[in-house]
Colleague: 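Structure incoming, see below.
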Amino acid sequence: MEAETMTKAKYLDQPSERITGCEAIVRSLIAEGVDILYGYPGGAIMPVYDELYKYRNEIHHVLTRHEQGAAHAAQGFARISGRVGVAMATSGPGATNLITGIADAQIDSTPLVCITGQVPSHLLGSDAFQETDIVGISTPVTKWNHQVTKASEIPEVLAKAFYIAKSGRPGPVLIDITKDAQFGELDFKYEKCTGVRSYIPVPKINTESVKAAAELINAAKKPMIVWGQGVILGEAEAELKAVIEKADIPAAWTIMGASALPTSHPLNIGMVGMHGNYAPNKLTNECDVLIAIGMRFDDRVTGDLSTYAKQAKVIHFEIDPAEINKNVYADVAVLGNSKDSLAQLLPLLNENSHDSWHQEFKDLYAIEFEKVIKNDIHPTKEGLTMGEVLNEINIQSEGNAAIVSDVGQHQMIACRYSKFNKTKSNITSGGLGTMGFALPAAIGAKMAAPNREVVAIIGDGGYQMNIQELGTIFQQKAAVKIVVLNNEFLGMVRQWQQLFFDKRYASTEMTNPNFVAIAEGYYIKARKVVKREELAEAVKEMIESKESYFLEVCVEKEDNVFPMIPSGASVSDVRLS
């Protein structure tokens, strides 16, 4: 039977068959349900690409313009779909170019399987052409990695790779495969991995810990929840909603947790962190019970740890034991998948109401609205603001768009002001803060969810880091909507220079090219907006477009993002100006 007509079922749990290692790689991917992968060919991975050509009706390979773009596209695919993203590259520089995306996936718990080619095994360690020790290089930024030197290892190693990447707390896995292993033969039989000795991806839930958590919550007068991406990864959105509604608990989110609960929900009190909302930041240090769900107490959330929530009893729901007591001591730790943990918690909670406590959040929100929000989304100044651009996107997309943001001021504005009706709608680089993330990640997100509107929000600095991926958008006909908020600065760095370095704008002002002409060079419809009266119609045209669209909006050059907690300060010291 021709390779193109084989079905996925044939490669899974079937009698063994004598094939080459490179064909085993492709069949293993298909057996794992992979139908899209991102990569860039080269000498050490060329045998696999030759097999991909034969199986092109079963796996769609997306040729990115840079290997970093392949890793970020795989991340975007994984984040919006919940599936494992797959990226592929050759040895040497191809492999090392994946590292930024792999590191980003590691700290943001994104499931990736990255496959790299390697020089033949007899040349390992000889400084052969395009040889790098990618296993050694990637060890600190992968959940697991492995080098394959024999064809017979391929099925078992790839099955293990997919299991480890997706199970428990997800993360990236790198498999490095020597060229002779690709050419070698094996008796191929593929079986999915269902467990690895000594690896316990999901800890068993301690029912006594759940009871202790419920007792603290039931007795609380000022409870507060902060949830993170663990809710989304654990598919615990419904359980979170049920818990906060039954116990009437105000709930805030980290940027990685955004969209797990609709923005419009009355108990959604906004974002915590350095540029989070005023009320949840301030009242973190006034709550009596702080319930952390699927978040890791990152320094951007906690500020000065010596002053963080010292008055509160802390309950930490977490799947990864390494996160317990790492940054913040937990009075009660509940290990396990958030969906299961919250499901066990729910029947133990009392129906409650905390009206006076909610009023404190409303009062502080009113202050933030008057001093910050109103001026961001309904400005009186002549120049356009980033906030009003996001507000217009909310209006035109009706809160149904997936927002893929890069890193910088625009990222904080996108997280603060985007309206989310659906989960898995906020895709951004959180822990690593990778400029250049958004454009390729938006490609992956759109290809994983072609029926969803995907809008990339990017600054003029980060946009130029992976601008070459416009070529991928054009070739793949991916209907990504790209919004560049152009303030002609590396805006976040400039803000810090203004506030903390006496306005010494060292190497942050950008002299930018004609972005519209560049987009049009890739046959992408493009438009530039400089006046407020042009904005609504331009955003409407972009959202209604059935094809990719580039929109440049020239915004105020020296606008700052507030609220802001200065680095190393207490969350109580959040500034409104």
Colleague: Counting N and O atoms only, with roles assigned by atom type, does the side chain of Lys528 sit under 3.5 Å from a partner on the main chain of Val553, one being a donor and the other an acceptor?
Modeller: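 Not at all, since once roles are kept as given, no pair shorter than 3.5 Å links the two residues.
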
Colleague: Do Leu485 and Asp460 pass the side-chain contact (heavy atoms from CB on, under 4.5 Å) test, and can you show the C-alpha distance, the side-chain angles, and the key distance before you say yes or no?
Modeller: CA-CA 6 Å; Leu485 301 179; Asp460 48 312; over 6 Å; no

Colleague: Any sub-3.5 Å donor-acceptor pair from Asn421's side-chain atoms to Glu398's backbone N or O?
Modeller: yes

Colleague: Taking Glu17 first and then Arg27, would you say they form a salt bridge - that is, a charged N and a carboxylate O separated by under 4.0 Å?
Modeller: yes

Colleague: Could you tell me if the side chain of Glu32 sits less than 4.5 Å from the side chain of Arg83, heavy atoms only?
Modeller: no

Colleague: If every non-hydrogen atom of Ser28 is compared with every non-hydrogen atom of Leu158, which pair is closest and at what distance?
Modeller: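 What the structure gives for the nearest pair is CB-CD1, 3.7 Å.
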
Colleague: So, applying side chain to side chain contact (heavy atoms under 4.5 Å, CB included) with Ile482, which one of Leu470, Ile457, Val455 is it?
Modeller: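 With Ile482 as partner, side chain to side chain contact (heavy atoms under 4.5 Å, CB included) holds for just one option, Leu470.
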
Colleague: Closer than 4.0 angstrom, basic N to acidic O: yes or no for Glu235 and Lys339?
Modeller: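 No salt bridge links Glu235 with Lys339.
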
Colleague: Are any non-hydrogen side-chain atoms of Ile137 and Ile99 less than 4.5 angstrom apart?
Modeller: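 Side-chain contact under 4.5 Å: yes.
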
Colleague: Using only atom types and a distance under 3.5 Å, with no angle test, would you say the side chain of Lys241 pairs donor to acceptor with the backbone of Ala260?
Modeller: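 No; judged by distance alone, with no hydrogens or angles, the pair does not exist.
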
Colleague: About how many Å separate CG of Leu186 and OG of Ser16, when rounded to the nearest 0.5 Å?
Modeller: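 The OG atom of Ser16 sits 9.0 Å away from the CG atom of Leu186.
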
Colleague: Taking atom CG of Leu63 as the centre, does the number of heavy atoms from other residues, nucleotides or ligands within less than 6.0 Å exceed 12?
Modeller: yes

Colleague: Does a side-chain heavy-atom distance below 4.5 Å link Ile458 with Leu439?
Modeller: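 When only atoms from C-beta onward are counted, Leu439 and Ile458 do touch, with a gap below 4.5 Å.
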
Colleague: Does some side-chain heavy atom of Asn512 sit less than 4.5 Å from a side-chain heavy atom of Glu488?
Modeller: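 They are in contact (side-chain heavy atoms under 4.5 Å apart), so the answer is yes.
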
Colleague: Between Ala442 and Val454, what is the shortest heavy-atom contact and its length?
Modeller: O-CG1, 3.8 Å

Colleague: Between Gln476 and Ala478 (side chain of the first, backbone of the second, donor and acceptor by atom type, cut-off under 3.5 Å), is there such a pair?
Modeller: no

Colleague: Would you indicate whether Glu156, at its atom CD, is surrounded by more than 12 heavy atoms from other residues, nucleotides or ligands within a distance under 6.0 Å?
Modeller: no

Colleague: Find out whether Ser109 and Leu233 are in side-chain contact, i.e. whether some heavy atom of one side chain is under 4.5 Å from a heavy atom of the other.
Modeller: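 Yes, close enough: below the 4.5 Å cut-off.
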
Colleague: For Lys150, look at atom NZ and say whether over 12 heavy atoms of other residues, nucleotides or ligands are found less than 6.0 Å away.
Modeller: no

Colleague: Pair Ile59, Leu37 - check side-chain contact (heavy atoms from CB on, under 4.5 Å), show working.
Modeller: CA-CA 7 Å; Ile59 295 185; Leu37 67 87; 3.8 Å; yes

Colleague: What I want to check is whether the side chains of Ser425 and Ser259 have a donor and an acceptor closer together than 3.5 Å.
Modeller: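 Ser425 vs Ser259: no donor-acceptor pair found between side chains.
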
Colleague: Filter on ring-ring contact (aromatic ring centres under 6.0 Å, His included), then keep only pairs touching residues 421-477, sequence neighbours left out; what's left?
Modeller: His72-Phe437, Tyr463-Phe515, Tyr463-Phe550, Phe474-Tyr523

Colleague: Would you check, one step at a time, whether the test side-chain contact (heavy atoms from CB on, under 4.5 Å) holds for Leu124 with Glu131?
Modeller: CA-CA 8 Å; Leu124 290 172; Glu131 180 195 2; 4.2 Å; yes

Colleague: Pick one: which of Asn97, Thr116, Thr90, Thr100 meets side-chain hydrogen bond (donor to acceptor under 3.5 Å, both in side chains) with Glu67?
Modeller: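 Output: one option passes, namely Asn97.
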
Colleague: Among side-chain atoms of Tyr522 and Ser548, is any donor-acceptor pair under 3.5 angstrom?
Modeller: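 Absent: no donor and acceptor within the cut-off.
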
Colleague: Which heavy atom of Asp180 sits nearest to which heavy atom of Pro120, and what is that distance?
Modeller: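 Taking every non-hydrogen atom into account, OD1-CA, 3.5 Å.
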
Colleague: Less than 4.0 Å between a side-chain N and a carboxylate O, is that true for Lys540 and Glu544?
Modeller: yes

Colleague: Taking atom types as modelled, find out whether Glu237 and Thr423 have a side-chain donor-acceptor pair closer than 3.5 angstrom.
Modeller: yes

Colleague: Under a 3.5 Å distance rule, please check whether Ser91 uses its side chain to pair with a backbone N or O of Gln130 as donor and acceptor.
Modeller: yes

Colleague: On a heavy-atom basis, which atom in Val202 and which in Gly168 lie closest, and how many Å separate them?
Modeller: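 So the minimum-distance heavy-atom pair works out to CG2-CA, 4.1 Å.
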
Colleague: Taking atom types as modelled, is there a side-chain donor on Thr428 or Gln411 under 3.5 Å from an acceptor on the other?
Modeller: yes

Colleague: How are the rings of Trp253 and Trp227 set relative to one another: parallel (under 30°), tilted (30 to 60°) or perpendicular (over 60°)?
Modeller: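 Rings of Trp253 and Trp227: tilted, as their planes differ by 30° to 60°.
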
Colleague: Any idea which heavy atoms bring Val529 and Ala538 closest together, and the distance?
Modeller: CG2-CB, 3.5 Å

Colleague: Mind running side-chain contact (heavy atoms from CB on, under 4.5 Å) on Asn391 and Tyr417 for me, showing each step along the way?
Modeller: CA-CA 7 Å; Asn391 189 54; Tyr417 294 122; over 6 Å; no

Colleague: Does any non-hydrogen side-chain atom of Asn400 lie less than 4.5 Å from one of Lys422?
Modeller: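 They are in contact (side-chain heavy atoms under 4.5 Å apart), so the answer is yes.
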
Colleague: Is any NZ, NE, NH1 or NH2 atom of the basic residue among Asp298 and Arg300 found under 4.0 Å from an Asp or Glu carboxylate oxygen of the other?
Modeller: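 No salt bridge links Asp298 with Arg300.
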
Colleague: If you measure from the Lys or Arg side-chain nitrogens to the Asp or Glu carboxylate oxygens, is any gap between Glu547 and Lys525 under 4.0 Å?
Modeller: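 Answer for the salt bridge query: no.
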
Colleague: Between the main-chain N or O of Ile102 and the side-chain N or O of Gln106, is there a donor-acceptor pair closer than 3.5 Å?
Modeller: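 Flag not set: sc Gln106 to bb Ile102 has no pair under 3.5 Å.
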
Colleague: Within a radius of less than 6.0 Å around NZ of Lys424, do more than 12 heavy atoms belonging to other residues, nucleotides or ligands occur?
Modeller: yes

Colleague: Is there a donor-acceptor pair closer than 3.5 Å between any side-chain N or O of Lys419 and the backbone N or O of Thr263?
Modeller: no

Colleague: I want to check something: taking the side chain as every heavy atom from C-beta on, are Asp406 and Ser429 in contact at a cut-off of under 4.5 Å?
Modeller: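 Side chain of Asp406 against side chain of Ser429, heavy atoms only: no contact under 4.5 Å found.
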
Colleague: Is it true that a side-chain atom of Arg416 and a backbone atom of Ile413 form a donor plus acceptor pair closer than 3.5 Å?
Modeller: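 The answer is no, because no donor-acceptor pair under 3.5 Å joins these two groups.
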
Colleague: Give a yes or no on whether the backbone of Ser545 and the side-chain of Lys481 come within a donor-acceptor separation of less than 3.5 Å.
Modeller: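 Side chain of Lys481 to backbone of Ser545, a donor-acceptor pair under 3.5 Å: yes, one is there.
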
Colleague: Looking only at heavy atoms, what is the nearest atom pair of Ala479 and Lys446, with distance?
Modeller: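 Closest approach of Ala479 to Lys446: O-CE, 3.7 Å.
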
Colleague: Between Tyr11 and Glu58, is any side-chain donor less than 3.5 angstrom from a side-chain acceptor?
Modeller: yes

Colleague: Answer yes if the side chains of Asn145 and Asp176 hold a donor-acceptor pair under 3.5 Å, and no otherwise.
Modeller: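 Per modelled atom types, Asn145 and Asp176 side chains form no pair under 3.5 Å.
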
Colleague: Show your reasoning for whether ring-ring contact (aromatic ring centres under 6.0 Å, His included) applies to Tyr49 and His61.
Modeller: CA-CA 9 Å; Tyr49 271 85; His61 178 270; 4.7 Å; yes

Colleague: Side chains of Asp108 and Thr110: any donor to acceptor distance under 3.5 Å?
Modeller: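 Side-chain D/A pair, Thr110 to Asp108: absent.
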
Colleague: List the steps, then state whether salt bridge (Lys or Arg N to Asp or Glu O under 4.0 Å) holds for Glu541 with Arg527.
Modeller: CA-CA 10 Å; Glu541 181 180 285; Arg527 182 169 177 175; 3.5 Å; yes

Colleague: Take atom OH in Tyr549; do more than 12 heavy atoms of anything else shown fall under 6.0 Å from it?
Modeller: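 Result for OH/Tyr549: enclosed.
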
Colleague: Are any non-hydrogen side-chain atoms of Gln118 and Ile177 less than 4.5 angstrom apart?
Modeller: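 With C-beta onward as the side chain, the pair stays apart.
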
Colleague: Against Arg65, only a single residue in Glu469, Gln468, Gln475 fulfils side-chain hydrogen bond (donor to acceptor under 3.5 Å, both in side chains); can you say which?
Modeller: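 For Arg65, the side-chain hydrogen bond (donor to acceptor under 3.5 Å, both in side chains) test succeeds with only one of Glu469, Gln468, Gln475, which is Gln475.
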
Colleague: Would a distance-only check, ignoring hydrogens and angles, find a side-chain to backbone donor-acceptor pair under 3.5 Å from Ser341 to Ser338?
Modeller: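 Side chain of Ser341 to backbone of Ser338, a donor-acceptor pair under 3.5 Å: no, none is there.
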
Colleague: Salt-bridge test for Lys54 and Glu51: reply yes if a basic N is under 4.0 Å from a carboxylate O, no otherwise.
Modeller: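 Salt bridge between Lys54 and Glu51, a charged N being under 4.0 Å from a carboxylate O: yes.
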
Colleague: Just verifying a value: how many Å separate Ile175 CD1 and Gln147 CD, rounded to the nearest 0.5 Å?
Modeller: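 It is 10.5 Å, given to the nearest 0.5 Å.
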
